[in-house]
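Below is one structure, written out as structure tokens; the observations come after it.
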Amino acid sequence: MKTSGEKLSVLLRILDVEQSNLQRSDSKATALLSTLGVFMVFFIVHFDKITINSISLTLVVFYFITSLLTIFCLLMVISPKMVKVPEEPQEKDGKFTINPTFFGGISRFRTPGNYARYLEDVAEDDHAVYTMFSKQLFAISKINMRKNRWLKRGMNSFIAAISFELFSIITVYVDFAFSKA
């Protein structure tokens with residue numbers, strides 16, 4: 001049977017992996033937003049060359065819709081989930097009510113001294129420490145799941161937006177080629 005220190009070590013390794021996944025999701029979303037911005041500048045350069053017809057107008061409308069959808073989805077990846085937290089936490093029936101390792105829990109304390117005392121009390125109980133980190137791991141995993149869902153949506157809408165943009169630009173050059181012929 002594993003000691004509480006070994007159990008905590010395993011939990012902390014899993015927590016580290018989940019936190020790395022959070023950072024990677026944010027990095028991917030930021031990179032996609034930057035790439036979309038570059039493509040939008042490219043589109044603006046060619047926008048005045050687009051001849052207005054039903055095909056080009058449809059492509060441009062779909063491009064703007066999917067671009068806005070991409071921006072929304074990727075911002076949902078980057079923005080943290082905010083929840084309203086109650087006032088100062090209290091210990092109830094010998095059980096700890098908050099997780100003092102998570103920013104939502106830490107921010108509930110009014111002073112650093114209150115936080116330090118609460119953390120010291122939690123650290124004395126091995127079961128409370130393990131429970132505290134498992135709750136944090138659970139919360140981060142839920143956030144990762146949400147971020148990954150929005151990232152997939154953002155990537156799909158990004159692909160659609162770029163496709164509509166490229167088709168719009170292709171119509172410019174096809175119109176140009178047929179007008180010369």
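Basis for what follows: all heavy atoms, side chains included, without hydrogens, waters or symmetry-related copies. In this text the structure is predicted, and so the values were computed from the model without any measurement.
A donor-acceptor pair shorter than 3.5 Å can be found between the side chains of Asn114 and Arg117.
The number of heavy atoms from other shown groups lying within 6.0 Å of CE (Met40) is above 12. The local environment of CZ in Phe62 is sparse, with at most 12 non-hydrogen atoms from other residues, nucleotides or ligands closer than 6.0 Å.
Cluster membership check: Val129 shares its hydrophobic cluster with Val10, using side-chain heavy-atom separations under 4.5 Å among Ile, Leu, Val, Met, Phe, Trp and Tyr. Clustering ILVMFWY residues whenever any of their side-chain heavy atoms sit less than 4.5 angstrom apart, transitively, puts Leu166 in a cluster other than the one holding Val61. Taking hydrophobic clusters as Ile, Leu, Val, Met, Phe, Trp and Tyr residues chained together by side-chain heavy-atom distances below 4.5 Å, Val60 shares a cluster with Ile170. When hydrophobic clusters are built by joining Ile, Leu, Val, Met, Phe, Trp and Tyr residues whose side-chain heavy atoms come closer than 4.5 Å, directly or via intermediates, Phe167 is not grouped with Leu57. By the rule that hydrophobic residues join a cluster once side-chain heavy atoms approach within less than 4.5 Å of another member, Ile169 and Ile52 end up as members of separate clusters.
Proximity of Tyr115 to Ile106: side-chain heavy atoms (C-beta onward) are separated by under 4.5 Å at one or more points. Between Asp16 and Arg13, every side-chain heavy-atom pair lies at or beyond the 4.5 Å cut-off.
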**Request:** Determine, stepwise, if the pair Asn53 / Ser56 fulfils side-chain contact (heavy atoms from CB on, under 4.5 Å).
**Result:** CA-CA 5 Å; Asn53 59 37; Ser56 64; 3.0 Å; yes
**Item:** From CA spacing to verdict: side-chain contact (heavy atoms from CB on, under 4.5 Å), Phe72, Arg153
**Value:** CA-CA 10 Å; Phe72 174 76; Arg153 291 174 185 166; over 6 Å; no
**Request:** Assess whether side-chain contact (heavy atoms from CB on, under 4.5 Å) is satisfied between Leu74 and Leu151, documenting all intermediate values.
**Result:** CA-CA 6 Å; Leu74 295 177; Leu151 185 61; 4.0 Å; yes
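Aromatic rings from Phe43 and Phe47 are positioned such that their centres are separated by under 6.0 Å. Ring-centre distance between Tyr63 and Phe164: not below the 6.0 Å cut-off.
With rounding to the nearest 0.5 Å, the separation of NZ in Lys152 from CG in Asn156 is 9.5 Å. Atom CG of Asn144 is separated from atom CZ of Arg149 by 11.5 Å, given to the nearest 0.5 angstrom. Atom OG in Ser141 sits 10.0 Å away from atom CD in Gln136 (nearest 0.5 Å). Atom OG in Ser157 sits 12.0 Å away from atom CD1 in Ile65 (nearest 0.5 Å). Rounding to the nearest 0.5 Å gives a distance of 9.5 Å between OG of Ser27 and CD1 of Ile78. Here Ile55 contributes atom CD1 and Asp175 contributes atom CG; the two are 8.5 Å apart, rounded to the nearest 0.5 Å.
Scanning both residues, Glu165 and Phe39, for their nearest heavy atoms gives OE2-O, 2.5 Å. Contact detail for Thr131 and Ser134: the closest heavy-atom pair is O-OG, 2.8 Å.
No donor-acceptor pair under 3.5 Å is formed between the side chain of Ser67 and the backbone N or O of Phe64.
Checking each of Leu69, Leu33, Leu36 against Phe158 for a side-chain contact (heavy atoms from CB on, under 4.5 Å) leaves exactly one that passes, namely Leu36. Each of Asn148, Val77, Ile140 was compared with Leu22 under the side-chain contact (heavy atoms from CB on, under 4.5 Å) criterion, and only Ile140 meets it.
Identified under the salt bridge (charged side-chain N to carboxylate O under 4.0 Å, His left out) test for residues 21-41, with sequence neighbours left out: Asp26-Lys147.
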